[in-house]
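Residue indices begin at 1 and follow the sequence shown.
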Amino acid sequence: MNNTKYIFVTGGVISSLGKGIISASIGKLLQARGYDVTIQKFDPYINIDPGTLNPYEHGECYVTIDGHEADLDLGHYERFLNVPTTRANNVTTGRIYQNVINKERKGDYLGKTVQVVPHITDEIKRNIKFLGSKNKFDFVITEIGGTVGDIESLPFIESVRQLRWELGRNCICVHLTYVPYIAAAKEMKTKPTQHSVKQLQELGIQPDILVLRTERPLSEEVLRKVALFCNVMESAVVQSVDVPTIYEVPIRMQQQKMDETILRKMKLPIGETPELKPWKEFLFRMKDAKESVKIALIGKYVELPDAYKSINESLFQAATYNDRKLELSFIHSEKVDETNVSELLSEFDGLVIAPGFGQRGTEGKISAIKYARINNVPVFGICFGMQCMVVEYARHVLGYADANSTEIDEKTPYNVIDLMEDQKGVSNLGGTMRLGLYDCELEKDSRVYKAYHKQVIQERHRHRFEFNNKYRAEFEAAGLKCTGHNPETDLVEVIEIPGHKWFIGVQFHPEYNSTVLNPHPLFISFVKAVIENKKNNNEKSPK
């Protein structure tokens, strides 16, 4: 196409309605029609990025290939579109203001008074159009975080209003809102949606398409009422009813011809409806699976499953491709110790030791790892989870009872995990970790090599501490092998116990590279081992 088309996705009434899933679903449907699509998220908070946010505040911190710490919705974008994201796909209010202030300090505004309009809004518009102008995408879908009416979101909404005039028919607005069911009245209520649209109209934007989030199917009468009172065509009112999995949402949107409505409004040819065959095959395998696997994720943010969103989805995808249903339980690592570990974990076929920072819950993770190692239970450690595996092995196999990471104990006499050399002079916490995509070279006789079927891989990272190579020979002599390393720095990336059913720890984050149509090979391998363990759990444990 000659001109990039822009789709803005806004939300009203309440947050957490699923703008990210709707954005990803729109992208998937347009991509299936042969268009090059990308999605970006504008977050209204003043943090430069979510890297320093507690997961309880904002869920998982996602990492892009170029090392940007981003909103978890970027994970949905990648899992749906199977296209990697970069720094340009996630922009916060903090970054917008930082850019404007930096320009002001350099004198770029020639002495003018710097204001929200036009300077902040111009910077927002520049970032919105950057992806389309640089990479020549056919469609750029822009999700505006928060809800209409939030003070923080107003500059973004004003920017969208301006772009609606500047871009003309190359731009449309999709508004996601909520239709609640009032049990006492036994009615679906459209008034919240009407108020949300009215508020958007007062800010100068008439939505082109409405997506109505609801727990129950809406009648034709309700849909017509919304169309009438919100000044939207009936064909452009789409309902998003609760479904068993988020991966059904594109199919439901396609059934309501949402992609056709978008193309029609942008004066583009409709063409044939895509089959979405691989996508539907994934859903069929998911629904057809009869047996299940029981996996426990041990972490310290388990009260909020979104803190481990990418891991959860990677396990779900791997279970589906192994023709199994996933029964995933979250075990709080603070509640695990030597006295109850067997009772808490004996029912599970495999364990995942979650990433995280800080001392809280660390000893519980180490107890879980020891249990898995001794009882020959498949266990997968990710980032800090891998580091806990190293500490556990040093304590209970090498005999270094006081072994630890210097993150947890700066004075440990056996610093088997230590601060990376290039991190020792770092004082600012935001955006300063080892971040992004790095090479890893695998040992050819290793289990991890058999999973990837290649020697050099690339994975994303987010860490400050690393395996201390001073102890590498001791670990390998005692049976824990370092089977993956960075070819430039020799940093240990993968550890495993060859004789164990599946005992692998990785310094990187493989969950960021797992998508619906390309599940990650390590998660596939892990779930296969979990299935095998379920069939036969009487094998001898390794020494």
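Applying the side-chain contact (heavy atoms from CB on, under 4.5 Å) rule to Phe284 yields the partners Asp288; only residues at least two apart in sequence or on another chain are considered. For Asp122, there are no side chain to side chain donor-acceptor pair (under 3.5 Å) partners, not counting sequence neighbours. Residues forming a ring-ring contact (aromatic ring centres under 6.0 Å, His included) with Tyr438 (at least two apart in sequence, or on another chain): His461. For Arg447, the side-chain contact (heavy atoms from CB on, under 4.5 Å) partners two or more places apart in sequence, or in a different chain, are Glu496, Trp502, Ile504. Contacts of Tyr512 classified as ring-ring contact (aromatic ring centres under 6.0 Å, His included), with partners at least two apart in sequence or in another chain: Tyr62, His509. Evaluation of the ring-ring contact (aromatic ring centres under 6.0 Å, His included) rule for Tyr308 yields no partner, not counting sequence neighbours. For Ala70, the side-chain contact (heavy atoms from CB on, under 4.5 Å) partners are Thr64, His68, Leu74, Asn90, not counting sequence neighbours. Residues meeting the side chain to side chain donor-acceptor pair (under 3.5 Å) test with Asn513, sequence neighbours left out: Glu459, Arg460. In this structure, the ring-ring contact (aromatic ring centres under 6.0 Å, His included) partners of Tyr400, at least two apart in sequence or on a different chain, are Tyr414. Scored by the side chain to side chain donor-acceptor pair (under 3.5 Å) test, Thr93 finds no partners at all (sequence neighbours excluded). Remark: Lys294 engages Glu347 in a side chain to side chain donor-acceptor pair (under 3.5 Å) (not counting sequence neighbours). Residues passing the side-chain contact (heavy atoms from CB on, under 4.5 Å) test with Glu363, sequence neighbours excluded: Ile366, Arg395.
Looking at Glu123 and Lys103, a side-chain N of the basic residue comes within less than 4.0 Å of a carboxylate O on the acidic one, giving a salt bridge. By the 4.0 Å N-to-carboxylate-O rule, Lys5 lies too far from Asp138 to be salt-bridged with it. For Arg285 and Asp323, the salt-bridge test passes: some basic side-chain N is under 4.0 Å from an acidic carboxylate O.
Between Phe508 and Ile457 the shortest side-chain heavy-atom distance falls below 4.5 Å.
For Asn102 and Asn99, the side-chain atoms include no donor-acceptor pair closer than 3.5 Å. Ser405 and Gln387 share no side-chain donor-acceptor pair at under 3.5 Å. Between the side chains of Gln458 and Asp439, a donor-acceptor pair is found at a separation under 3.5 Å.
Within 6.0 Å of the NZ atom in Lys325, the count of heavy atoms belonging to other residues, nucleotides or ligands exceeds 12.
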